[in-house]
Amino acid sequence: MLSLPSTADPDVVIAGCGPTGAVLAAELRLHDVRVLVLEKETRPAPFVRIVGLHIRSIELMAMRGLLERVLEHGRRRPAGGFFAAIPAPAPADLDSAHAYLVGIPQPVLVQLLEDHAIGLGAQVRRGSAVAGIEQDEDGVTVELADGERLRASHLVGCDGGRSTVRTALGVGFPGEATRTETLMGEMEAAAPPAEIAATVRDLGDKRLWLRPFGEGVYQVVVPAAGVSDRAQAPTLEDVRHQLRALTGTDFGVHSPRWLSRFGDATRLADHYRVGRVLLAGDAAHVHPPTGGQGLNLGIQDAVNLGWKLAAQVRGWAPGSLLDTYQDERRPVAAEVLDNTRAQMELLSPEPGPRAVRRLLTELMDVDEVNRRLIEKITAIGIRYDLGEGPDLVGRRLRDIDVAQGRLYGLLHRGRGLLLDRTERLTTGGWCDRVDHLADPTAALDVPGLLLRPDGHVAWIGDDQQDLDDHLTRWFGEPAH
Ligand SMILES: Cc1cc2nc3c(=O)[nH]c(=O)nc-3n(C[C@H](O)[C@H](O)[C@H](O)COP(=O)(O)OP(=O)(O)OC[C@H]3O[C@@H](n4cnc5c(N)ncnc54)[C@H](O)[C@@H]3O)c2cc1C
């Protein structure tokens with residue numbers, strides 16, 4: 001039976017409160033969209049996976065006023081050395097005011113993002129798993145595992161690589177199945193740190209490492225091949241066995257905090273949107289963790305989608321705005337999948353890939369090569385295809401100095417922004433959606449520039465009519 005959304009229903013249901021779901025919830029709340037996040041786990045995942053926030057994600061945190069909180073819990077590290085773990089330092093003049101990496105435990109980051117979303121008014125229901133969906137032209141009915149049915153205008157599947165939402169939609173997820181499995185865990189080691197460091201370094205195998213976390217605790221990564229099967233949870237003995245087989249010693253590892261297994265499956269969803277249901281984050285793309293890009297990609301999906309979906313829900317979206325989410329983000333994910341495939345080859349212990357690795361290591365001494373690879377991993381090189389125009393159109397704008405301080409400080413509310421050095425442009429009937437900063441001192445070499453809420457440049461120029469056309473393209477019809 002058809003049930004229409006009532007005023008008490010959420011506008012948007014998000015399946016999954018991982019990093020992608022939490023960021024999307026916050027982005028939607030910036031536009032007063034009623035959001036309900038359903039998360040199947042009662043508590044955030046305990047795996048203390050240390051992830052790296054790369055430059056573009058750090059910039060997004062700054063754009064939403066979250067960076068100080070993230071830095072309180074994370075460690076700043078140099079931006080370079082991530083492409084296939086080739087230790088090349090980043091060029092000194094990367095195009096960002098935040099040219100570093102933040103290492104932060106994933107559960108800590110997810111909690112911070114979830115708290116932020118809740119602080120903005122999102123509702124998060126833990127212990128609620130999405131089990132099925134039906135959609136019609138008026139909305140989506142979401143069925144939970146306990147049989148409860150909810151109604152919303154839109155549903156977004158941010159429910160990870162094994163996404164129930166993607167499966168229920170019947171969206172294809174082609175790519176390569178896992179070929180290589182890896183065991184990872186955090187544990188104590190009895191052997192002296194110098195001995196561990198020297199053994200691992202001399203081995204030169206990039207698929208085995210013991211990274212010290214201090215106080216005798218190590219993050220340990222070993223190939224899973226040959227020990228335990230996928231159906232069983234990995235054990236400490238599995239890790240010890242692999243260490244002995246590869247190094248001759250198990251370094252006396254003991255007292256694991258946690259152990260997990262991950263594969264290198266590489267897959268991309270055929271569609272990011274089917275009617276009123278969308279996919280974001282790992283639900284839309286999975287790939288090996290080389291270069292540390294998955295979580296970053298998910299956060300960036302969420303910031304691209306948030307304002308567009310909000311515009312759709314609130315009724316001001318121009319006709320094709322929501323489709324630009326897939327048009328822009330799917331090619332970015334395809335590119336990340338490709339660079340992780342390349343990195344996996346470069347990490348192989350086989351003689352051929354090792355030779356290619358030596359060659360690439362040499363080539364990374366060339367500034368342009370190193371820069372291009374770092375811009376890929378850190379996502380600051382992305383340019384969405386927004387049609388013809390100057391090179392900056394479609395790219396994100398760095399955090400520049402403006403009369404009121406820093407540009408990103410003006411983007412906390414997730415609105416569009418007209419940066420106007422001519423002082424004669426206007427946002428007219430769009431001023432309810434787009435802020436206007438008339439500032440002849442802004443550190444820009446263009447007369448006027450329109451920024452979308454995700455910080456990407458939508459227009460450059462000084463002609464009011466041309467600006468109005470672009471305001472209509474991205475922000476819909478002007479208010480009367
Ligand atoms: C070893 C390792 C190291 C990594 N290091 C990095 C790194 O350094 N940098 C980086 O960017 N990425 C890294 N990644 C990848 C990163 O962890 C993922 O890409 C990221 O967690 C994806 O976020 P997500 O929110 O899209 O999905 P997830 O984090 O998988 O979250 C999905 C959420 O949905 C919930 N859920 C699932 N099904 C349902 C359902 N039916 N109903 C309701 N809720 C549901 C889950 O419980 C979960 O909370 C690493 C991954 C691994 C394995």
Side-chain angles (χ1 to χ4, degrees), residues 11-12 24 27-28 30-33 56 60 63 153-154 156 271-273 275-276 278 280 300-332 382-398 407 410-411 413-439 442 444-480:
D11 298 310
V12 175
L24 180 62
E27 289 295 302
L28 290 165
L30 290 176
H31 301 274
D32 250 353
V33 171
R56 184 55 186 154
L60 293 177
M63 274 170 48
S153 156
H154 288 78
V156 188
H271 306 284
Y272 278 23
R273 177 186 177 195
R276 292 172 170 271
L278 298 110
Q300 291 154 26
D301 284 349
V303 175
N304 184 287
L305 174 60
W307 66 282
K308 296 173 181 173
L309 183 54
Q312 185 76 23
V313 168
R314 300 206 63 80
W316 55 261
S320 59
L321 183 67
L322 198 49
D323 287 326
T324 66
Y325 165 59
Q326 165 167 320
D327 297 345
E328 293 173 1
R329 295 302 300 168
R330 197 168 173 279
V332 170
I382 290 170
R383 180 173 190 244
Y384 298 139
D385 181 6
L386 307 188
E388 298 217 336
D391 181 64
L392 196 53
V393 171
R395 294 188 186 277
R396 104 294 177 227
L397 187 61
R398 60 177 283 150
L407 172 71
L410 305 179
L411 303 176
R413 292 198 298 158
R415 292 157 55 87
L417 179 72
L418 172 65
L419 258 169
D420 172 15
R421 294 180 68 227
T422 70
E423 295 184 287
R424 55 174 177 70
L425 295 168
T426 160
T427 52
W430 292 272
C431 63
D432 56 338
R433 284 151 274 174
V434 182
D435 293 326
H436 181 189
L437 179 69
D439 176 9
L444 272 178
D445 55 5
V446 297
L449 175 151
L450 178 63
L451 269 190
R452 308 190 316 187
D454 60 357
H456 280 254
V457 176
W459 170 84
I460 285 176
D462 61 1
D463 178 70
Q464 184 67 49
Q465 184 55 52
D466 195 31
L467 170 61
D468 288 354
D469 292 345
H470 283 80
L471 283 163
T472 309
R473 174 178 173 193
W474 293 107
F475 296 96
E477 293 302 319
H480 295 297

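Side chains are part of it too, since the values below use all heavy atoms of this structure and drop only hydrogens, waters and symmetry mates.
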Colleague: Side chains of His31 and Trp307: closer than 4.5 Å at any heavy-atom pair?
Modeller: yes
Colleague: Hey, is NE2 on His271 packed in by over 12 heavy atoms from elsewhere, all under 6.0 Å?
Modeller: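 Count not over threshold, so no.
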Colleague: For a quick check under 3.5 Å, do Gln465 and Asp469 share a side-chain donor-acceptor pair by atom type?
Modeller: yes
Colleague: Under 4.5 Å between any side-chain heavy atoms of Arg452 and Leu386, yes or no?
Modeller: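 Yes, side chains in contact.
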Colleague: If you round to the nearest 0.5 Å, how far is CZ of Arg56 from CG of Asp454?
Modeller: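 Going from CG on Asp454 over to CZ on Arg56, the span is 7.5 Å.
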Colleague: For a side chain to side chain contact (heavy atoms under 4.5 Å, CB included) check, start with the C-alpha distance between Leu451 and Leu411, then their side-chain angles and the critical distance, and finish with the verdict.
Modeller: CA-CA 10 Å; Leu451 269 190; Leu411 303 176; 4.2 Å; yes
Colleague: Apply side chain to side chain contact (heavy atoms under 4.5 Å, CB included) to the pair Trp430 and Leu418, showing each step before the final yes or no.
Modeller: CA-CA 11 Å; Trp430 292 272; Leu418 172 65; over 6 Å; no
Colleague: Assess whether side chain to side chain contact (heavy atoms under 4.5 Å, CB included) is satisfied between Leu407 and Leu417, documenting all intermediate values.
Modeller: CA-CA 10 Å; Leu407 172 71; Leu417 179 72; 3.5 Å; yes
Colleague: Answer whether the closest heavy-atom distance between the side chains of Leu28 and Val156 falls below 4.5 Å.
Modeller: no
Colleague: If I compare all heavy atoms of Gln464 with all of Leu425, which pair ends up nearest, and what's the gap?
Modeller: OE1-CA, 3.3 Å
Colleague: As an exercise, state the distance from CZ of Arg273 to CG of Leu322, rounded to the nearest 0.5 Å.
Modeller: 4.0 Å
Colleague: With the side chain counted from C-beta on, respond yes when Arg276 and Ser153 share a heavy-atom pair under 4.5 Å apart, and no when they do not.
Modeller: yes
Colleague: Could you check Arg395 against Val457 for side chain to side chain contact (heavy atoms under 4.5 Å, CB included), going step by step and ending with a plain yes or no?
Modeller: CA-CA 6 Å; Arg395 294 188 186 277; Val457 176; 5.6 Å; no
Colleague: Is there a side-chain contact between Val434 and Arg415, using heavy atoms and a 4.5 Å cut-off?
Modeller: no
Colleague: At their closest point, which heavy atom of Asp439 faces which heavy atom of Arg421, and how far apart are they?
Modeller: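 Nearest pair, atom of Asp439 first, then Arg421: O-CG, 3.4 Å.
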Colleague: Donor-acceptor check, side chain of Arg424 to backbone of Asp420, threshold 3.5 angstrom: yes or no?
Modeller: no
Colleague: Give me the atom names and distance for the closest heavy-atom approach of Pro453 to Gly416.
Modeller: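 Smallest heavy-atom distance, with atoms named: CG-N, 3.8 Å.
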Colleague: Any side-chain heavy atom of Leu278 sitting closer than 4.5 Å to one from Tyr272?
Modeller: no
Colleague: Quick check for you: to the nearest 0.5 Å, what is the distance between Leu437 atom CG and Glu423 atom CD?
Modeller: 9.5 Å
Colleague: Quick test of your reading: applying salt bridge (charged side-chain N to carboxylate O under 4.0 Å, His left out), list the pairs with at least one residue in residues 300-314, sequence neighbours left out, ordered by first then second residue.
Modeller: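 Residue pairs with at least one partner in residues 300-314: Asp301-Arg329, Lys308-Glu328.
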Colleague: So do Asp435 and Thr427 actually touch side chain to side chain, heavy atoms under 4.5 Å?
Modeller: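 Side-chain contact under 4.5 Å: no.
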Colleague: Measure the spacing between CD1 of Ile382 and CZ of Arg396 and express it to the nearest 0.5 Å.
Modeller: 9.5 Å
Colleague: Check Ala458 against Val393 and note the closest heavy-atom contact, atom names and distance.
Modeller: O-CG1, 4.2 Å
Colleague: Enter the distance from Leu392:CG to Asp445:CG here, rounded to the nearest 0.5 Å.
Modeller: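 The CG atom of Asp445 is 8.5 Å from CG of Leu392, to the nearest 0.5 Å.
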Colleague: Which heavy atom in Asp432 sits nearest to a heavy atom in Ala479, and how many Å separate them?
Modeller: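 The answer is OD2-CB, 4.3 Å.
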Colleague: Does any part of the side chain of Leu309, heavy atoms only, come nearer than 4.5 Å to the side chain of His154, both counted from C-beta?
Modeller: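 His154 vs Leu309: side chains touch.
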Colleague: In this structure, which one of Val446, Leu467, Leu471, Leu449 forms a side chain to side chain contact (heavy atoms under 4.5 Å, CB included) with Trp459?
Modeller: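 Filter result, single survivor: Leu467.
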Colleague: Give, for atom CG of Asp468 and atom CZ of Phe475, the distance between the pair rounded to the nearest 0.5 Å.
Modeller: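 The CZ atom of Phe475 is 13.0 Å from CG of Asp468, to the nearest 0.5 Å.
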